[in-house]
Each structure stands twice: as structure tokens, then as C-alpha cells.
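These values consider heavy atoms only, across backbone and side chains, with no hydrogens, waters or symmetry-generated copies.
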Amino acid sequence: MSGKFTIGSEPVMGLPTPSKKRDYRVTNRLQEGKRPLYAVVFNFIDSRHFNVFATVGGNRVTVYQCLEGGVIAVLQSYVDEDDESFYTVTWACSIDGMPFVVAGGLNGILRVIDAGSEKIHKSFVGHGDSINEIRTQPLKPSLVVSASKDESVRIWNVHTGICILIFSGAGGHRNEVLSVDFHPSDIYRIASCGMDNTVKIWSMKEFWTYVEKSFTWTDLPSKFPTKYVQFPVFTASIHSNYVDCNRWLGDFILSKSVDNEIVLWEPKVKDQSPGEGSVDILQKYPVPDCDIWFIKFSCDFHYNAAAIGNREGKIFVWELQSSPPVLIARLTHAQSKSPIRQTAMSFDGSTILSCCEDGTIWRWDAVATS
């Protein structure tokens, strides 16, 4: 992939005019409730359920299935007993492949819901403040990582209920952590970003024995020797404002701030001197009217495209594997005016979901071109 980008030159700006490479139309719109919906995510963990997705808003976690002809079927709904406001959701699974939905939010508790029985499997208490994002390790989907307002990032084992590692301290974030992501192929690496305007890359390599130990631990989870990781291997100041979403694209990073663009850049980490290094900014993907924080983009399974909503209810679909960047489509609808907090792209990118501040879910499907 790296061969397509010219390194060391000025970053390449994408043009905000749609190429019409792929056309999408609205096939469904659901009003889930009155509360804002903050997250929507497809299940990429289990190939039998690629068309299943979850949303969170208020104290509710809902699981749906995308069917033919634009149909969205409700599979299950979990309502939290506490006065919770969920901000984030991810799919995970136990060691024997049982699907879990993991949600978190205002109360700082991770709820692990058994999607089979619709009951709480475990609740993880540890964060000192609200949870802004949870992501799953694609190579070991029993591991999830959470980013919190308490300025820390934590790695959990959903199977055993153990908090394995806490990334915070001397070299950690100095404000709310808003987003976090596991590297797709380097199992030791994660990237986090937040209100201190930085993106940090962390390594679990020297603590990996603790990760392995978490799978066989039989004592109480509270007795596990949770380790603090105080220093990232890299800190980047790409943006001059809050960074509220970051995702790995191979060894590159896509990060988004409130300055109306997603930036693709390459961290050049110096392995000999941790924390140091340089950054090559490769490409910029403009997103107009995307200047409020907590708007997250999503990618299809193979990271061919990214979809992001804005505060006016529009969606921009960018091709990720081309230089200069190509805007595949700009999706607008007369009734879609509310801020889109998150999108979800289906496995092959043919369906795009958006969840909105007004409690609606929108489904867009690619139109077959003749």
C-alpha cells in the first residue's frame, strides 16, 4: 500500500466534489427513541453475523440485523438499570466464540452483554470517569480497550473480567481520551487520542506475558497484578484541537479533529529512543461542517473506504487507497438534518448506517450501476 503515496512532499488534499464512483440511496430510516444515539457498529468479529449491528443511546443497547431490501430487524434490546448514558459499543467474544456486546458511557462501567442470553455477562468497574470509546482486538477478540475521561486507556479480558494494563501516568494523556484503536496486524500496538490534541502510540510488547496470564487466571480478577504503562512509544501533535477519532490504516494512522478534516499520516517511531520520532503527513480528507467534537468515522472491513457524518446530517464517503484522495459519494437527504455521531460501514462497504443526535438510524445502500 505504501507505494501509492509520495513520501516527504506536501500532504495531498482531497477535493470535496463527489466522483460518483458509487452511488447510495436511503433504504430505511428508524426512529429508535428520543435520546441521542452516539454509536453504531457492525459485527466484524463473526463471519456468520456480518450483517448484525448494535447501537447505543441513553441507557439502551439495541442489536439489529440488516436484511435484503433495506429491512432493519430488531434482534434484541438491553436496558441498563442504572441511569446510564452509553457513548460507545463494540463486539467481542469469549474464548469459545460466544458473541458479546460491550458498551460503556457516562458511569465509567463496561457492560459485557451476552448476545445469546441478552443478560449481563460481566460489569467492569475501574475507570474513574466516563468511557468515550471501546474497541476490540481483531486478532484476539476477547480483548477490548477502553478510552476514558479519566485520562487513561485500559485493556480488559472480557472472558475473565481482568483489567490487564492501564496506559496512563507520566507520559500519558493530559485530558479526556476520546478514541483508541488496536493495530490490525501488530498485536502489541494501540493508538489513542484525545482532548490534549495529541495522538499517542503505545506498545504492550514488554507486558505481553500479563496479557497471556489473563486468559488462565483463576483467582479473583481484583487480585490480578494489573500493570501501569506510563510511557507511549510515540506522541504526535498533528492537530491543534481535540482529536476525537483515530484508526490504524496498516502502519499509517487516520486521525480526525474538529477542524473539518481527516488526516492520514505515518508515524516514524525511533525504536531506540521511545517517545521520539517524526511524522509524515500524507493526505487530507476534507469534511465540511464537522467542527463539533465526538463525531467518529468508520471504515469497511478491508479499509477501502471511510464514511463520516457531519453536524448537518450529511455523510462523506472517502476512498482510502488512492492518492490524491477521491470522494466516492456525498450523501444528503432532505430529512437528515441532525448531527451524525457515528457511521458504520458494512463488511464490503455496500451499506452505510448513521446514528444521529435526534435518535434516528439511517440506512444507505449502494445502488447497483448498470
Output the distance between atom [atom1] ([X]) and atom [atom2] ([Y]), rounded to the nearest 0.5 Å.
X    : Y    : atom1 : atom2 : result
S336 : I315 : OG    : CD1   : 6.5 Å
I134 : S148 : CD1   : OG    : 10.5 Å
F53  : L353 : CZ    : CG    : 5.0 Å
N59  : S85  : CG    : OG    : 8.5 Å

What residues, two or more places apart in sequence or in another chain, satisfy side-chain hydrogen bond (donor to acceptor under 3.5 Å, both in side chains) together with D196?
-> H173, T198

Under the side-chain hydrogen bond (donor to acceptor under 3.5 Å, both in side chains) test, which residues partner W265, sequence neighbours left out?
->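 Applying side-chain hydrogen bond (donor to acceptor under 3.5 Å, both in side chains) to W265 gives S255.
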
If we count only N and O atoms by modelled type, under 3.5 Å, do the side chains of [X] and [Y] hold a donor and an acceptor together?
X    : Y    : value
H49  : N43  : no
T235 : K200 : yes
E176 : N132 : yes
W202 : S192 : yes
D348 : H302 : no
S123 : R111 : yes
E133 : S146 : no
E151 : S168 : no

Is the backbone of [Y] close enough, under 3.5 Å, to the side chain of [X] for a donor and an acceptor to pair up by distance?
X    : Y    : result
H239 : N241 : no
Q230 : F167 : no
T88  : G104 : no
N157 : G161 : no
S346 : S350 : yes
T136 : P138 : no
S152 : I166 : no

Which of parallel (below 30°), tilted (30 to 60°) and perpendicular (above 60°) describes [X] and [Y]?
X    : Y    : result
F86  : Y78  : tilted
F44  : F42  : parallel
Y285 : W318 : perpendicular

Would a 4.5 Å heavy-atom cut-off, applied to side chains only, mark [X] and [Y] as touching?
X    : Y    : result
T17  : L327 : no
I72  : L67  : no
Q342 : I295 : no
T226 : L165 : no
T343 : V40  : no
K284 : I262 : no
I361 : L37  : yes
V89  : V101 : yes

Please tell me whether [X] and [Y] are part of a single hydrophobic cluster in this structure, the criterion being side-chain heavy atoms less than 4.5 Å apart.
X    : Y    : result
I190 : Y210 : yes
V145 : F224 : yes
I187 : I95  : yes

Are V63 and W91 close enough, and set up right, to give a side chain to side chain contact (heavy atoms under 4.5 Å, CB included), and what steps lead you there?
-> CA-CA 11 Å; V63 177; W91 291 89; 3.7 Å; yes

Selection residues 23-39 - residue pairs positive for side-chain hydrogen bond (donor to acceptor under 3.5 Å, both in side chains), sequence neighbours left out | T27-D365, E32-T55, E32-Y64

Evaluate the criterion salt bridge (Lys or Arg N to Asp or Glu O under 4.0 Å) for residue pair K337 and E312; output intermediate values, then yes/no.
-> CA-CA 5 Å; K337 293 278 183 241; E312 301 203 320; over 6 Å; no

Do K296's NZ or CZ and the ring of F294 fall within the cation-pi criteria of under 6.0 Å and 45°?
-> yes

For C299 and L320, what are the C-alpha separation, side-chain angles and deciding distance, and is it a side chain to side chain contact (heavy atoms under 4.5 Å, CB included)?
-> CA-CA 9 Å; C299 305; L320 291 177; 3.9 Å; yes

Looking at K119 and D114, does any basic side-chain N land under 4.0 Å from a carboxylate oxygen?
-> no

Less than 4.0 Å between a side-chain N and a carboxylate O, is that true for K314 and D289?
-> no

Could you please spell out the steps behind the salt bridge (Lys or Arg N to Asp or Glu O under 4.0 Å) verdict for K256 and E261?
-> CA-CA 6 Å; K256 176 207 153 273; E261 63 186 14; over 6 Å; no

With side chain to side chain contact (heavy atoms under 4.5 Å, CB included) as the test, would you mind laying out the steps for W156 and L143 before giving the verdict?
-> CA-CA 6 Å; W156 310 81; L143 300 177; over 6 Å; no

Working for salt bridge (Lys or Arg N to Asp or Glu O under 4.0 Å), residues D181 and R135 | CA-CA 6 Å; D181 195 34; R135 298 280 288 171; 2.9 Å; yes

For H159 and F215, run ring pair (Phe, Tyr, Trp, His ring centres under 6.0 Å): C-alpha distance rounded to whole Å, both residues' side-chain angles, the deciding distance at 0.1 Å, then the answer.
-> CA-CA 8 Å; H159 188 80; F215 283 92; 7.6 Å; no

When you look at CD of E212, are more than 12 heavy atoms from neighbouring residues, nucleotides or ligands closer to it than 6.0 Å?
->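 For E212, atom CD is crowded (more than 12 foreign heavy atoms under 6.0 Å).
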
Got a sec: does the CG of D219 have more than 12 other heavy atoms crowding it under 6.0 Å?
->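 Buried by this count: over 12 neighbours within 6.0 Å.
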
Could you check D82 against N107 for side chain to side chain contact (heavy atoms under 4.5 Å, CB included), going step by step and ending with a plain yes or no?
-> CA-CA 9 Å; D82 296 336; N107 294 338; 3.9 Å; yes

